[in-house]
Amino acid sequence: MIIEIAIVHAPIVANESLPPALAGTVGAVATFAGSVRGDEAGQPISALDYEAYQPMAEQTMRAIIEGLGQRHACLFVRIIHRIGTIPVGENAIHLLAAAVHRAEALDMIAAFMDRLKQDVPIWKVRALDLHGQILPPSS
Amino acid sequence: MIIEIAIVHAPIVANESLPPALAGTVGAVATFAGSVRGDEAGQPISALDYEAYQPMAEQTMRAIIEGLGQRHACLFVRIIHRIGTIPVGENAIHLLAAAVHRAEALDMIAAFMDRLKQDVPIWKVRALDLHGQILPPSS
Amino acid sequence: MRILFFAHLKTAANCAEAEIRIDGDIDAGQLWQHLLARFPELARYQRSVRFARNGTYAVAGTRFSDTDEVALIPPVSGG
Amino acid sequence: MRILFFAHLKTAANCAEAEIRIDGDIDAGQLWQHLLARFPELARYQRSVRFARNGTYAVAGTRFSDTDEVALIPPVSGG
């Protein structure tokens, strides 16, 4: 399983390319993008600020993928998480999982997202309202 | 829920765009692409030929999405299925589901694919070997 | 009645479409009798084939009449 | 020992990083005693915070020494 992990500060450019060596072997590619919605705890917002404990976050994401790969045999997984200020409508995370069959790719995505929200040291630290003022975080 | 369904003969151009009206409301976009692998029942192949009962296939896909939408509340679903001769490495199907939260989008994709393989009148009718000769279908 | 064949049923029937003549309305068992009289090679697929009447899967009790389009749907394999 | 604070713990500790001096190796309970002596505002978060030692979550029995980097990890909310 080839794993690519990145934490970035700039807008995520969705990269759907696969390692060329996998051409003809991959039968299923699942992706997931999580974006910032325009309200937080019922209040309209313009952006969310994210923070990470970056080396641990990258290492934890890799360890989660490696662990899940024992059950959901994927050929390739790419994860990009953006941090810093992310405007409404832009992606905070983009995942891609490629496998021979669909179940492994879809299950990898769903299982990873569950684990991300338990164990990966990344936080929504504050929301910005429509005037750019800080709202307290809801979670 | 906005639903776009297409059965096409040309290569699928992955279209990740969402209806502009959904900007800021969508928090999760899941996609799935199923592609032709380079072997069929253990034999190397160059392509698969797909056939559809096209009006019923489109109508059945729409009915499946509408039914699943009762449980997995999505805002937008797009399905493109290619038929005709599809070379190894190219996509036979591309799905996109957009929702407020991730579970609905991911569950929609997984549940739709299960139903597709039970009920949508589309068939792999033959495989072509590396010389373009017809192999009997495996399923 | 217009009959549509797909996938390997085209080979079995040796055609993609056929017209058969139905009087009144008939059930699925009677439709199979008509079909097998004309396309005996379909017999081996009978258990796995579903009928679709005018683009919708037939259910128990569906009746078929001469103006219907009936498709024989073998096990599907899309995606 | 280098201590790292994230998210609302930065506000509670009023800093992002701190150095504390540890003799020998200590367990999580002893580490909390050191932390609360210096950062009493952390007390209300103690139940929800996990320690990470050198980038890995501490488990029952993990020991901490002066050369470790210890992060206080409040409930995460990525994605």
Side-chain angles (χ1 to χ4, degrees), chain A residues 5-8 12 32-37 40-41 48-64 66-67 79-84 86 90-95 109-127 134-139, chain D residues 1-20 22 25-28 31-32 34-35 38-39 41-79:
Chain A
I5 309 270
I7 292 176
V8 302
I12 293 174
F32 176 78
S35 55
V36 175
R37 291 185 299 111
E40 179 79 0
L48 288 176
D49 269 358
Y50 284 77
E51 179 180 305
Y53 178 18
Q54 191 159 340
M56 182 176 168
E58 291 174 352
Q59 179 186 316
T60 305
M61 290 194 280
R62 183 174 294 273
I64 290 171
E66 285 170 349
I79 302 173
I80 308 173
H81 201 304
R82 181 177 174 189
I83 58 174
I86 307 182
E90 297 190 14
N91 288 336
I93 190 165
H94 191 273
L95 314 182
I109 297 274
F112 176 81
M113 287 302 297
D114 289 344
R115 291 291 309 278
L116 172 83
K117 286 169 182 287
Q118 291 166 15
D119 289 333
V120 177
I122 300 177
W123 300 270
K124 295 180 182 76
V125 286
R126 64 188 74 81
I134 292 172
L135 292 169
S138 70
S139 61
Chain D
M1 176 185 287
R2 190 180 185 205
I3 306 289
L4 305 180
F5 301 103
F6 293 98
H8 53 275
L9 302 185
K10 272 185 194 165
T11 311
N14 205 25
C15 66
E17 295 187 22
E19 289 287 335
I20 63 174
I22 298 294
D25 62 341
I26 61 175
D27 66 17
L31 179 52
W32 271 115
H34 280 271
L35 288 167
R38 180 145 157 211
F39 305 104
E41 295 292 321
L42 294 176
R44 54 190 287 231
Y45 302 110
Q46 185 176 356
R47 286 185 54 190
S48 64
V49 165
R50 286 185 281 180
F51 288 131
R53 177 180 162 276
N54 300 326
T56 303
Y57 282 111
V59 293
T62 295
R63 309 287 296 180
F64 303 86
S65 68
D66 201 53
T67 55
D68 288 335
E69 176 179 279
V70 175
L72 277 66
I73 310 286
V76 303
S77 53

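We name chains A, B, ... by the order of the sequence lines, and we start the count at 1 in each one. Values below: every heavy atom of this structure, side chains too, minus hydrogens, waters and symmetry copies.
- Side chain of A/Y53 to main chain of A/V120: no donor-acceptor pair is present (N/O by atom type, distance under 3.5 Å, no hydrogens or angles).
- With a 4.5 Å cut-off on non-hydrogen atoms, A/I93 touches chain D through its side chain but not through its backbone.
- Atom CG of A/L48 sits about 14.0 Å away from atom CD1 of A/I83, to the nearest 0.5 Å.
- Not counting sequence neighbours, the partners of A/R115 by the salt bridge (Lys or Arg N to Asp or Glu O under 4.0 Å) test are A/D119.
- A/P55 does not touch chain D: none of its heavy atoms, backbone or side chain, sits under 4.5 Å away.
- In this structure a side-chain-to-backbone donor-acceptor pair under 3.5 Å is present from A/E51 to D/A7.
- Neither the backbone nor the side chain of A/A63 comes within contact range of chain D; no heavy atom of the residue lies under 4.5 Å from a heavy atom of that chain.
- Checking side-chain atoms of A/H81 against main-chain N and O of A/A92 turns up a donor-acceptor pair under 3.5 Å.
- Note that CD of D/E69 is 7.5 Å distant from CD of D/E17, once rounded to the nearest 0.5 Å.
- Residues of residues 52-64 of chain D lying under 4.5 angstrom from chain A, judged on non-hydrogen atoms, are D/A52, D/G55, D/T56, D/Y57 by number.
- Using a 4.5 Å cut-off between heavy atoms, D/P75 touches chain A through its backbone atoms (N, CA, C, O) alone.
- Here A/K124 does not pair with A/E40 in a salt bridge; the nearest charged N to carboxylate O distance is not below 4.0 Å.
- A perpendicular orientation is assigned to the rings of D/F39 and D/F5, their planes being inclined by more than 60° (bins at 30° and 60°).
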